[in-house]
K.L.:
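Have a look at this one before I ask anything.
In this text the structure is predicted, and so the values were computed from the model without any measurement.
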Amino acid sequence: MDMKSLYLLIALSPLVGSVIAGLFGWAIGRRAAHVVTILGVAVSAVLSIGVLKGFLDGSTQVFNAPVYTWLTVGGFEFSVGFLVDSLTAMMLVVVTSVSLMVHIYTIGYMHEDPGYQRFFSYISLFTFSMLMLVMSNNFIQLFFGWEAVGLVSYLLIGFWFKRPTAIFANLKAFLVNRVGDFGFLLGIGLVLAYFGGSLNYSDVFAAAPALASKTIQIIPGVEWSLLTVTCILLFIGAMGKSAQFPLHVWLPDSMEGPTPISALIHAATMVTAGIFMVSRMSPLFEMSDTALNVVMVAGSITALFMGFLGVVQNDIKRVVAYSTLSQLGYMTVALGASAYSVAMFHVMTHAFFKALLFLGAGSVIMGMHHDQDMRNMGGLRKYMPITWITSLLGSLALIGTPFFSGFYSKDSIILAVENSNLAASGFAYFAVIAGVFVTAFYSFRMYFLVFHGKERWMENHAHHEHHGDHDDEEPSDDHHHGLGPNDKPHESPWVVTLPLALLAIPSVLIGFFAIHPLVGGEFFKGVIYTNLEAHPGLEAAMHHAHDAMAMGLHAFVTLPFWLAAAGVALAWFFYMKAPHIPAAIKQKFSGVHTLLENKYYMDELYFAVFAKGSRALGTFFWKVGDMLLIDGLLVNGSARLVGSVSRAVRKLQTGFIYSYAAVMIIGVLVLMTYWFKPLILR
């Protein structure tokens with residue numbers, strides 16, 4: 001099999017499974033639907049691992065060629081093409097392997113759902129869309145994959161379409177991403193207009209150096225760097241997809257979708273698309289310090305302030321969702337520091353341990369009969385041992401425990417930011433360092449509330465029997481909710497626990513083995529470009545990446561380790577030993593708690609400024625532009641004018657001969673006066 005056919009098979013296998021399950025699921029049944037979709041993703045995963053192995057041992061060469069010409073117009077040609085290099089190979093393995101685990105997990109999680117076949121069709125289509133995005137060699141195909149993952153995420157977040165909260169959440173995600181995609185499309189337009197008329201990456205990167213000093217006028221009389229404007233517009237697209245402040249508001253609400261898709265969207269696919277895109281565009285971003293500063297500031301705000309929101313959440317899935325927001329902020333900060341390889345390294349490690357945490361949360365929800373409130377849990381360790389140990393391993397990886405995968409990628413980001421020379425690096429370093437403590441605190445707050453302490457579901461059940469349901473909000477998950485008076489939590493079936501166990505392995509080990517080739521080695525050589533003279537932040541991370549063992553041992557005397565340890569210790573003390581203290585703090589600082597609980601009032605701000613503002617603008621155009629000017633003045637006004645003239649002329653038509661004779665005589669007199677006027681005046 002030639003390489004072109006191999007890559008087509010990797011990309012199209014999930015699509016085939018999706019089409020069969022989606023169009024013929026009613027005929028082939030539930031079992032066949034999950035078999036055909038899992039088989040399609042498994043084929044892609046196995047072949048992707050082979051491709052990655054080839055790049056690691058040097059037996060596979062970079063593939064960059066068109067596959068299909070979609071449109072030719074004028075001098076422009078728009079085609080589907082594949083660029084498969086080391087960056088693509090890594091993303092292929094991450095996407096397909098995590099997706100495969102999610103597919104297997106879904107068999108257990110969605111087994112009672114009437115939309116079983118439809119769900120498998122959607123998640124396979126999602127996988128295909130992401131593969132097309134990461135394999136693209138031009139902006140047109142990139143945009144196709146970009147929009148396709150957005151569309152399928154809309155379908156998946158609103159999978160339970162009879163629930164109003166789900167419909168609101170998927171519409172919100174769709175609209176916020178449209179804002180980002182508008183900027184992205186403008187950036188692509190600038191590339192097409194100024195970079196030689198080609199949208200192929202290789203042509204654009206080759207043309208970029210000659211445009212380093214090129215300026216354009218957005219506002220008349222004000223010159224802007226073409227590369228800066230292009231990079232910022234492209235990054236606005238990344239802000240939407242990768243949920244960076246202020247376009248982050250869609251991601252927490254996407255928890256309304258089933259838990260498997262939360263893992264797929266938030267771990268390995270859609271939210272990493274923006275990070276991947278900026279890394280792919282590194283030759284452009286390296287030419288604009290302004291754009292890099294913008295990237296770093298957005299990432300810093302997201303990393304720290306979204307972490308704060310995780311501290312006050314009681315829904316187990318929302319804690320993990322805000323953790324995802326914060327970690328995406330870390331990746332974006334690394335991009336701003338020109339440490340693109342470190343950002344992609346964190347994309348990979350985060351994909352495994354975050355998928356593990358989401359699927360672990362889903363397993364807990366199943367064990368609790370779909371109750372997601374952590375205040376109703378506690379003591380689940382003895383009832384759900386596999387979920388407990390895998391969730392613990394995922395949490396330790398998330399907080400950056402030495403020798404775990406998250407440690408190597410997160411500490412590499414901190415090193416790169418600490419040694420960056422950009423203007424925003426001081427604020428960014430504070431954000432990522434403070435974020436270490438915050439991450440450890442909310443992660444182990446969740447861990448202790450769920451798996452340790454007293455078993456609270458019985459007392460809460462009795463409380464609900466007496467006072468009614470505990471929560472006015474509609475739960476985010478499906479089916480019946482909460483344990484009955486005679487129920488106990490239970491471990492999930494093997495189709496759920498097997499993916500947890502398999503994801504736990506890379507969550508612990510992959511960072512140790514991958515840091516040297518990905519950060520310290522030449523795995524990304526010729527693929528990701530960093531100007532180390534202008535942006536030296538990456539050098540410090542590269543220096544430490546040469547010896548993973550030494551880096552892990554040295555961590556015990558560094559500030560991030562002790563901040564993480566302090567976060568864990570404080571969470572243990574607050575929620576295991578002195579639970580009255582958090583309650584007292586909440587009461588004492590009720591204003592801050594209310595601010596965090598309302599997510600900094602960003603939703604209200606957007607509603608007031610954009611939703612109400614858009615409606616007000618629309619009402620103005622409707623009443624003034626449409627009703628007054630167009631209908632009132634132009635359409636009806638012209639009709640009224642004709643009517644008025646007609647009414648005046650109609651009065652001249654009396655039907656009497658003497659009236660017409662008088663008019664004729666007057667007319668003759670007027671004409672005679674006009675003709676003889678020169679003689680009279682002479």
K.L.:
Provide the full list of salt bridge (Lys or Arg N to Asp or Glu O under 4.0 Å) pairs with a residue in residues 276-293, sequence neighbours left out, each pair given once.
P.N.:
Asp85-Arg280
K.L.:
Check whether any side-chain N or O of Ser420 sits under 3.5 Å from a backbone N or O of Gly537 as a donor-acceptor pair, and report yes or no.
P.N.:
no
K.L.:
Hey, does the side chain of Ser254 reach the backbone of Leu251 with a donor-acceptor pair shorter than 3.5 angstrom?
P.N.:
yes
K.L.:
Phe82 and Phe63: ring-ring contact (aromatic ring centres under 6.0 Å, His included), yes or no, with the steps?
P.N.:
CA-CA 7 Å; Phe82 290 159; Phe63 178 89; 7.1 Å; no
K.L.:
Determine, stepwise, if the pair Phe139 / Tyr201 fulfils ring-ring contact (aromatic ring centres under 6.0 Å, His included).
P.N.:
CA-CA 7 Å; Phe139 282 94; Tyr201 297 156; 5.4 Å; yes
K.L.:
Tell me whether Lys241 contacts the main-chain N or O of Ala273 through its side chain, where contact means a donor paired with an acceptor under 3.5 Å.
P.N.:
no
K.L.:
Donor-acceptor check, side chain of Ser242 to backbone of Met239, threshold 3.5 angstrom: yes or no?
P.N.:
no
K.L.:
Short question: side chain of Ser326, backbone of Tyr322 - any donor-acceptor pair under 3.5 Å?
P.N.:
no
K.L.:
Measure from the side-chain N and O atoms of Gln141 to the backbone N and O of Gly81, and report whether any donor-acceptor pair falls under 3.5 Å.
P.N.:
yes
K.L.:
Check whether Ser18 reaches the backbone of Pro14 with its side chain - one donor and one acceptor, N or O, closer than 3.5 Å.
P.N.:
no
K.L.:
Does a sphere of radius 6.0 Å around CD in Glu533 hold more than 12 heavy atoms from other residues, nucleotides or ligands, not counting ones at 6.0 Å or beyond?
P.N.:
no
K.L.:
Please answer whether the main-chain N or O of Met296 pairs with a side-chain N or O of Ser300 as donor and acceptor at a distance below 3.5 Å.
P.N.:
yes
K.L.:
Show the numbers, then the answer: is there a side-chain contact (heavy atoms from CB on, under 4.5 Å) between Ile167 and Phe161?
P.N.:
CA-CA 6 Å; Ile167 296 302; Phe161 53 82; 3.8 Å; yes
K.L.:
For Tyr601, I'd like to know if atom OH has over 12 heavy atoms of other residues, nucleotides or ligands within 6.0 Å.
P.N.:
yes
K.L.:
Any Lys/Arg nitrogen of Glu147 or Arg178 sitting under 4.0 Å from an Asp/Glu carboxylate oxygen of the other?
P.N.:
yes
K.L.:
Can a side-chain donor-acceptor contact be found between His103 and Ser124 if the only test is distance below 3.5 angstrom?
P.N.:
yes
K.L.:
Between Tyr330 and Val432 (side chain of the first, backbone of the second, donor and acceptor by atom type, cut-off under 3.5 Å), is there such a pair?
P.N.:
yes
K.L.:
For residues 191-198, which side-chain donor-acceptor pairs fall under 3.5 Å, sequence neighbours excluded?
P.N.:
residue : atom : partner : partner atom : Å
Ser198  : OG   : Asn200  : N            : 3.2
Ser198  : OG   : Asp203  : OD2          : 2.8

K.L.:
So, do Lys599 and Asp253 sit near enough that their side-chain heavy atoms are less than 4.5 Å apart?
P.N.:
yes
K.L.:
Verify, without hydrogens or angle tests, whether Ser44 (side chain) and Ser13 (backbone) share a donor-acceptor contact under 3.5 angstrom.
P.N.:
no
